[in-house]
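Just so you know, ligand 1 is whichever comes first in the structure, and atom 1 is the first atom listed for that ligand.
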Amino acid sequence: MYDFAIIGGGIVGLSTGMAIGTRYPTARILLLEKESTWAFHQTGHNSGVIHSGIYYKPGSLKAQLCRNGCQSMVEFCRQHQIPHEVCGKVIVATQEKELPLLENLYQRGLQNGIPVARITAEDVRTIEPHVSCLAGIRVFSTGIVDYQQVAAQYAELMALQGADLRLNTKVIHIRDTADGQVIETNQGSFAARFLINCAGLYSDRIARLGGANSPAKIVPFRGEYYELVPEKRYLVNTLIYPVPNPAFPFLGVHFTKMIDGSVHAGPNAVLSLKREGYHKTDFDLRDTLEVMTFPGFWKLAAQHADEGIQEIIRSFSKVAFVRSLQRLIPEVQMPDVVPTHAGVRAQALMNDGKLVDDFLIVNGTHSIHVCNAPSPAATASLEIGKAIAAQVPAPPTLTLAFTS
Ligand SMILES: Cc1cc2nc3c(=O)[nH]c(=O)nc-3n(C[C@H](O)[C@H](O)[C@H](O)COP(=O)(O)OP(=O)(O)OC[C@H]3O[C@@H](n4cnc5c(N)ncnc54)[C@H](O)[C@@H]3O)c2cc1C
């Protein structure tokens, strides 16, 4: 009997395991991951940005955990010699109508306690000489890192703490028992007193298997990227973002200098017809039917038909994608970018068509389910892990040790 079983070896599951191991050093911890490597899905297919926390609603979990997570991520990388860089970023308004939104964002940054500064178009050009804009914000604490490397370090630390880490182990069924849960996998059954679901793109299905009542369904949104060809990397020094559409949780296509020196442009946001579908043609009947028969999806589609159509056009047309990039850097031309990897976001959607904005953690019997952990959950992973570790019940072995 394990004290804790964690489902999902992405950055959130691994950080949670590590945090529980730190809080309860004698606890027996099991982590189950269906893939043959750690952090294969969202964690291994993202932009690699250590977000500052400027965007999120003041007082929300995202705002708190991202701001603190940004600091703890940088400290963790320093401590474990993981390559990273706090290069800062600029957010720029390219049209008159974006100026009030840019100002709102600046005020939000101040409210969230983020080091930000209003800068003029000339100031922007001293940082990013190829950008054309009306005004900008400089966010000083934004950084870049490879989150797969961070997650691998979490896994190593969990192993050192004595946790039982299992790859190639897919959870198929969960049974609630009097004193915990029995988790059935393709590698046999495991009993645990308490279960933590960090299954990312499958977190809603695992929550249902575990008997928890999640109010939301995961809808997969693919984010596709282009990459600047090496001879054009000089166009971007740090990270360049547009002013985001406040109705959406996505940030708009932007330029990101990656920690390996490459420069990525994107991601867009298109509905994926497969939860782990990294290509435009990927299709899964069950995943598609689940979205198409979910009333929340049609309400969302009706509210955002225009934006949805624009995203689809941008997905299939390089011309449209490049046009979006030219709003930030007019010099970028079609031959300057080539398609590169894509990622799929696990975005929770409510029955009423509202995208769940904040991180969502749902309690079940003998269980906790992370039901919405999209961006900036990689940045905030150390803080999410600590927050979950503070909520789980102390293992009985430990309680006995204290009381005897
Ligand atoms: C395109 C894109 C760009 C992003 N950019 C950033 C960024 O720049 N900065 C940032 O902070 N965040 C970013 N994010 C968000 C960030 O990547 C995620 O929030 C974070 O990786 C979520 O981690 P996770 O552990 O919850 O999910 P995942 O990394 O998806 O891990 C979940 C794991 O659960 C496993 N699993 C699922 N079902 C089962 C099962 N039945 N049995 C066993 N295992 C199972 C999966 O195989 C997977 O490994 C981005 C995301 C995307 C998609």
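For ligand 1, none of its N or O atoms has an N or O atom of His45 under 3.5 Å away. Looking at Pro374 next to ligand 1, an N or O pair under 3.5 Å apart turns up. No N or O atom of Leu201 sits closer than 3.5 Å to an N or O atom of ligand 1. Inclusion of Thr379 in the set of residues having an N or O under 3.5 Å from an N or O of ligand 1 is warranted. Taking any N or O of Lys170, backbone or side chain, none lies under 3.5 Å from an N or O belonging to ligand 1. The distance criterion of under 3.5 Å between nitrogen or oxygen atoms is not met by Arg345 with respect to ligand 1.
When hydrogens are left out, the protein atom nearest atom 27 (O) of ligand 1 is Gln42 NE2, 3.3 Å; that is the closest non-hydrogen contact. Val12 CG2, 3.5 Å is the protein heavy atom nearest to atom 26 (O) of ligand 1. Of the protein's non-hydrogen atoms, the one nearest atom 4 (C) of ligand 1 is Asn46 CB, 3.1 Å. Scanning the protein for heavy atoms near atom 33 (C) of ligand 1, the closest one is Glu33 OE1, 3.6 Å. The single protein non-hydrogen atom nearest to atom 22 (C) of ligand 1 is Ala373 O, 3.6 Å, given as residue, atom name and distance. In terms of protein heavy atoms, atom 3 (C) of ligand 1 is closest to Tyr225 OH, 3.3 Å. The protein heavy atom nearest to atom 36 (N) of ligand 1 is Lys34 CE, 3.8 Å. Looking at atom 13 (C) of ligand 1, its nearest protein heavy atom turns out to be Ser375 OG, 3.4 Å.
Scanning Ile144, Leu31, Val344 for the heavy atom closest to atom 53 (C) of ligand 1 points to Val344.
Between Lys170 and Glu35, none of the side-chain N atoms (NZ, or NE/NH1/NH2) sits under 4.0 Å from a carboxylate O, so this pair counts as no salt bridge. Asp3 and Arg28 are joined by a salt bridge, as a carboxylate oxygen and a charged side-chain nitrogen come within less than 4.0 angstrom of each other. Ion pairing between Arg166 and Asp164 holds under the 4.0 Å rule for side-chain N and carboxylate O. Salt bridge Glu224/Lys280: present, at least one basic N to carboxylate O contact under 4.0 Å.
A heavy-atom separation below 4.0 Å is found between Thr169 and ligand 1. Proximity of Cys198 to ligand 1 is established by a heavy-atom distance of less than 4.0 Å. Not a single heavy atom of Trp38 sits under 4.0 Å from any atom of ligand 1.
In His279, the NE2 atom is not crowded: 12 or fewer heavy atoms of neighbouring residues, nucleotides or ligands sit closer than 6.0 Å.
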message: Between Tyr278 and His45, does the ring pair (Phe, Tyr, Trp, His ring centres under 6.0 Å) criterion hold? Intermediate values first, please.
response: CA-CA 9 Å; Tyr278 296 102; His45 289 85; 4.2 Å; yes

message: Could you walk me through whether Asn268 and Glu311 satisfy the side-chain hydrogen bond (donor to acceptor under 3.5 Å, both in side chains) test, starting with their C-alpha distance in whole Å, then the side-chain angles of each, then the deciding distance to 0.1 Å, before giving a yes or no?
response: CA-CA 6 Å; Asn268 60 1; Glu311 289 289 2; 4.7 Å; no

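When all heavy atoms of Cys371 and Ile218 are compared, the pair lying nearest together is O-CD1, 3.6 Å. Here the closest non-hydrogen pair linking Ser47 and Thr256 is O-CG2, 3.7 Å.
Side chain to side chain, Gln153 and Gln149 fail the donor-acceptor criterion of an N or O pair below 3.5 Å.
Side-chain rings of Tyr154 and Phe76 approach one another, their centers coming within less than 6.0 Å.
Put simply, the side chain of Arg125 gets close to the backbone of Val131: a donor and an acceptor are under 3.5 Å apart.
At a heavy-atom distance under 4.0 Å, no atom of Ala346 approaches ligand 1.
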